Amino acid sequence: MARIPKDRIRQRRDGYPPRVRRGSPPAPGRTPPAERQPLPVGRRVPTSDDLEVSTYLEIARVREGEEPVSPPEAPTPPEAIAILDFGSQYSMLIARRVRECRVYCELVPHDAPWEQVARLRPWGFILSGGPASVYEEGAPMAPAYVFESGLPVLGICYGMQLLAHQLGGRVAPGQRREYGPAMIYQADRSAPLFEGLPSPMPVWMSHGDVIAEVPPGFQALAHSENSPIAVMGNGAGLLGLQFHPEVVHTPQGKRILENFLHNVCGCRGDWTPSSFVAESVRRIREQVGSGRVICALSGGVDSAVTAALVHRAVGDQLTCIFVNNGLLRREEAERVIATFRRHLKMNLVHADATARFLGALAGVTDPEEKRRRIGETFIRVFEKEAERLGRVDFIAQGTTYPDVIESASSGSSAAAKIKTHHNVGGLPAHMTFTLIEPLRFLFKDEVRQVGVEVGLPEEMVFRHPFPGPGLAIRIIGEVTPEKLEILRAADWVVMDEIKRAQLYRDLWQAFAVLTDSRSVGVMGDFRTYGYVVALRVVTADDAMTADWARLPYEVLARISNRIVNEVPGVNRVAYDITSKPPGTIEWE
Ligand code: XMP
């Protein structure tokens, strides 16, 4: 493949600009809804139901002045794609789609040095979209190695504009911002990128700038009504798309990515999470040697899969610590113990610290204060249990790839989350463990696939996310044992009915919230004065945005009837019909 001569690549004179920050102001004009309301990055844990536990520990270590450990490198699979992140809200989605095509990829900052990318031995590059305009002062450019490598490059939206701008074409502001559905018409039906795809074809546009002139050697491969150059290519592996193939609104977008990966980059597409993990297990064994490992179990999928993997690698050298904070749902603690101790035969320490947690929460009504106290108590309990075990060398955590990406975009992950857990105290200085994070490069759905493979029960692997502070943030106002009982009973009904209606897997989360409002009702001949329970059921692809689920009326009716009849103290059920944004999924 022809290399692009260095003097034809436009670069900023003063080196590479600082990273584009997520949530930078969007270009003027019509703005996509998700960009209109900046999301509260860092306030909550966006993806992982288990991260809470790891976050407490991470912050505790940072508090003690421990140097951040350099992250372990992923085992490099034979084929990989490097995705350069220019700050689009869809960057992570591109990575997910590429993985769905069974090609390993990593999302790296747009200014990543070559050494960071070379480790992957990439077969091609994808340049993501981004909020900047290429002709703006200080706009981020693609590093020279992208073009000098001679490897295929797919530029998406801003990424396409970079190809045009840096290789001698011309980008200009469009007449108006194009946002929403569009049809593209292929000019060259034999282009490898279009294999198996119809013309015209629906796509999703979101851009302000347009390509006014393609760079030398390029031609327009497709147009839309508003973009004469909706797709361009040079016949030698450099391609640009004005639209977003990664979003669901481009129905055949995955096929376009697949065509790029297979037909242009030459990838076979034989990567699977399990092949990756087999290699990880080998590495864990090598890293741990005869050392001892602990793992904090929360009952969620990430820590469960981590524990199961580390157990597979080093067996009894692993001890899991399950801190029962008394804020779990009905039968949850029993299930964790049964799965890990009896079924998987792991060493499990069950620390039932219910009384201690409830004591710490007595009289507390502020949600962030609840979180802070739960975090602090967790660390103190964990510390005591870990100390009892004697010498421990490693700690295994269920950090997943979205957590890694989020933290890379916001500095240190601990720093980003410290806002929520601002006063979690440190672990004692003698407690320094080396970190093992076998899921560090996997997406949630991949973690689940691995979970099934290592023999975890489906119920655990496909569990909905559950927040670390548990039911404490679903009880508005003070947390008391009585209120916990009421909420557990209501939550049980919700879960039971959702599962009975076979809706569980279609939903992101479904739960009850115990409000601090009471209302008047009648039951038989009696007037009642009871709590109002709110039902929160949402659909989502990730927790950054969510919509309230359009549950069938019959299901809503059954849930409401059963809660009012079966849960003493509750006489009214309300359904929360707020999407996120502007609402959050949890009420606190
Ligand atoms: P929100 O309420 O911010 O929730 O829309 C997004 C996702 O994060 C979960 N969540 C938490 N998870 N600790 C956690 O581990 C927390 O403090 C916390 N708050 C919210 C929530 O359940 C949803 O999945």
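Keep in mind that what you see is a predicted model, and the values were worked out from it rather than measured. Both ligands and their constituent atoms are indexed starting at 1 by order of listing.
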Short N or O distance, [X] and ligand 1, threshold 3.5 Å exclusive:
{"X": "Q509", "result": "yes"}
{"X": "P469", "result": "no"}
{"X": "A543", "result": "no"}

If you measure from the Lys or Arg side-chain nitrogens to the Asp or Glu carboxylate oxygens, is any gap between [X] and [Y] under 4.0 Å?
{"X": "R474", "Y": "E588", "value": "no"}
{"X": "E100", "Y": "R97", "value": "yes"}
{"X": "E459", "Y": "R463", "value": "no"}

With atoms numbered from 1 as shown, which atoms in ligand 1 lie under 4.0 angstrom from a non-hydrogen atom of K580?
1 (P), 3 (O), 5 (O), 6 (C)
Logged contact type for W508 with ligand 1, heavy-atom cut-off 4.0 Å, is side chain
H244 and Y90 aromatic ring geometry - parallel, tilted or perpendicular at 30°/60° bounds:
perpendicular
Any idea which of E588, H464, E368, R371 brings a heavy atom closest to atom 18 (C) of ligand 1?
R371
Please list, one pair per line, the donor and acceptor atoms closer than 3.5 Å that link side chains of residues 551-558 to other protein atoms, with sequence neighbours excluded.
{"from": "R558", "atom 1": "NE", "to": "E497", "atom 2": "OE1", "distance (Å)": "2.9"}

